[in-house]
Amino acid sequence: MSLPTTMRFIDHGKGGAPSVLKAAEGPVPTPRDDEVLIRVAYAGVNRPDVLQRSGSYPPPPGASAYLGLEASGEVVALGKGVRRWKVGDRVCALTNGGAYAEYVAAPEGQALPVPAGLSLLQAAALPETYFTVYTNVIERGRLKSGETILIHGGSSGIGITAIQMAKTWGATVYTTAGNAEKVQACLKLGADAAIDYRSKDFVDEVLALTDKRGVDLILDMVGGDYIARNLRCLALEGRLVQIAFLQSPKVEIDWTPLMVKRLTYTGSTLRPRPPAEKAHLADELRTKIWPHLAKGHMLPVIHKVFDLSEAGAAHALMESSTHIGKIMLKVAGD
């Protein structure tokens, strides 16, 4: 099959509000050594895309300047040295950018097979979220069966995945959410308790739920005044994992609990990590998470699907925080 030389993609220009996102035409990327070229069926919309569009999260050196960190579709070309894939394979991939397009190149180690029984739409909702949750909850957070975890933003794509993954690992799961509908969604997904943070103090609620012991692990993407409040929620030897700052990362903190309770405060970003580390994570997901997905467990929740040309509306929905689950873009479809 001969490939076109040009493709549709979403251009964010110099950045700004969601309205800056426009469909444009550009060259089809040529896969580099050890990369595959994917004809995109669907792409996921994620918070880092919103930050990049607004100008606060530039892509790392060598990455595509276009938006989009995850996609599903068909492999249509191979770069030199590719051994894992062949033309015609159906994959989903964690990209280094460029997924808001008809074609995207991705390192072969960051691609995964579409799990058995899942659609290309479901598969496109996996990479960014599942890579992020696995590395932060299971690897960095060291979650073990029998432990307790507090997950902030439980109705987000990250939160929904974290709830289900933590329950699969045998943890007791508490989460925060912004209204009654989101609270019910979290409970339906398996959370043992869900706290409406707008009407209740999550610190008081967590301490009551744990008989003042606190939780073993917290996954936080809020920052700001949550940091000090999280420290109060942690049990002895507890771990706090930071994955984003929706509020300010600059706050004044009394760090005494860090020493008194022997706490661990860590965090990570995914996009700048080298290909070898992302390939390791992909292999971990393939062996430890993909079998659960194939059995119908731990599945992504799709809130809404927009056409590629409606990327601006998708970003506006993301920024409204009214969604429950993943926001997706349809490019070629199934």
Side-chain angles (χ1 to χ4, degrees), residues 29-44 46 48-49 52 57 59-64 66-99 101 103-116 118 120 122-143 157-158 161-162 165 168-169 241 243 266-294 298 300:
T30 299
R32 303 170 185 170
D33 291 358
D34 302 317
E35 286 187 339
V36 293
L37 182 66
I38 300 167
R39 184 170 66 90
V40 178
Y42 295 91
N46 295 284
D49 304 336
Q52 182 178 336
Y57 190 52
S64 171
Y66 302 161
L67 299 177
L69 298 176
E70 61 184 348
S72 67
E74 179 184 351
V75 174
V76 293
L78 308 175
K80 184 178 178 181
V82 171
R83 297 289 182 268
R84 298 187 182 204
W85 306 104
K86 64 182 184 299
V87 170
D89 284 342
R90 285 160 53 98
V91 299
C92 57
L94 181 73
T95 70
N96 297 330
Y103 294 87
V104 66
E108 67 164 334
Q110 293 170 213
L112 285 156
V114 174
L118 269 66
L120 285 171
Q122 291 173 302
L126 300 175
E128 172 70 11
T129 300
Y130 285 66
F131 272 74
T132 297
V133 172
Y134 185 86
T135 187
N136 286 290
V137 171
I138 306 303
E139 290 196 336
R140 299 190 72 80
R142 308 189 304 279
L143 182 67
I158 291 287
T161 302
M165 197 176 294
T168 299
W169 250 248
V241 182
I243 59 170
T266 185
S268 73
T269 56
L270 180 61
R271 192 174 188 185
R273 295 174 75 168
E277 291 186 17
K278 294 178 185 177
H280 160 74
L281 287 171
D283 290 340
E284 288 286 291
L285 291 176
R286 186 198 297 256
T287 58
K288 297 179 181 177
I289 302 298
W290 258 226
H292 292 288
L293 294 169
M298 217 186 306

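FYI, side chains are in, hydrogens and waters are out, and symmetry mates aren't considered; it's all heavy atoms of this structure.
With rounding to the nearest 0.5 angstrom, the OH atom of Tyr42 is 7.5 Å from the CG atom of Leu120. Rounded to the nearest 0.5 Å, atoms CG (Leu94) and OG1 (Thr132) are 7.5 Å apart. To the nearest 0.5 angstrom, Arg90 atom CZ is 8.0 Å from Ser72 atom OG. Between Arg271 atom CZ and Tyr57 atom OH the span is 6.0 Å, to the nearest 0.5 Å. Atom-to-atom distance recorded for Arg84:CZ and Leu78:CG is 13.5 Å, nearest 0.5 angstrom. One distance of note links CG of Leu270 with OG1 of Thr135; it measures 7.5 Å at 0.5 Å rounding.
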- Step by step, work out the side-chain contact (heavy atoms from CB on, under 4.5 Å) result for Val91 and Val36. CA-CA 10 Å; Val91 299; Val36 293; 5.6 Å; no

- Task: Could you walk me through whether Val137 and Val241 pass the side-chain contact (heavy atoms from CB on, under 4.5 Å) test, one step at a time?
- Result: CA-CA 8 Å; Val137 171; Val241 182; over 6 Å; no

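Formation of a donor-acceptor pair under 3.5 Å by the Glu108 side chain with backbone atoms of Arg83 is found in this model. Checked by atom type and distance alone, the side chain of Glu74 never pairs as donor or acceptor with a backbone atom of Arg39 at under 3.5 Å. Side-chain N or O atoms of Thr95 include none that pairs as donor or acceptor with a backbone N or O of Ala71 at under 3.5 Å.
Annotation for Trp169 and Leu143: closest pair CD1-O, 3.7 Å, computed over non-hydrogen atoms. The nearest pair of heavy atoms linking Leu118 to Val114 is O-CG1, 3.5 Å. The two residues Gly157 and Thr161 make their nearest non-hydrogen contact at O-OG1, 3.0 Å. Shortest non-hydrogen contact noted between Ala124 and Ala43 is CB-N, 4.3 Å. Taking every heavy atom of both residues into account, Ala125 and Pro300 meet most closely at CB-CB, 3.9 Å. Listed here is the closest heavy atom pair of Ala99 and Val104: N-CG2, 3.9 Å.
Contact annotation: the side chain of Lys288 approaches that of Tyr134 to within less than 4.5 Å [non-hydrogen atoms, C-beta and beyond]. Residues Pro115 and Leu126 form a side-chain contact, since some pair of their non-hydrogen atoms from C-beta on lies under 4.5 Å apart. Side-chain contact between Pro107 and Asn96 is present, with at least one heavy-atom pair separated by less than 4.5 Å. In this structure, the side chains of Glu70 and Cys92 stay at 4.5 Å or more apart for every pair of heavy atoms.
Looking at residues two or more places apart in sequence or on another chain, you find a side chain to side chain donor-acceptor pair (under 3.5 Å) between Lys86 and Asp89. In this structure, the side chain to side chain contact (heavy atoms under 4.5 Å, CB included) partners of Ser268, at least two apart in sequence or on a different chain, are Asn136, Arg140. Partners of Pro113 under the side chain to side chain contact (heavy atoms under 4.5 Å, CB included) rule, at least two apart in sequence or in another chain, are Trp85, Arg286, Trp290. The side chain to side chain contact (heavy atoms under 4.5 Å, CB included) check on Pro31 picks up Glu35, Leu37, Ala77, with sequence neighbours excluded. For His280, the side chain to side chain donor-acceptor pair (under 3.5 Å) test picks out Glu139, with sequence neighbours left out. In this structure, the side chain to side chain contact (heavy atoms under 4.5 Å, CB included) partners of Glu277, at least two apart in sequence or on a different chain, are Arg273, Pro274.
With Val133 as the fixed residue, the side-chain contact (heavy atoms from CB on, under 4.5 Å) test singles out one of Ile289, Ile138, Ile158: Ile158.
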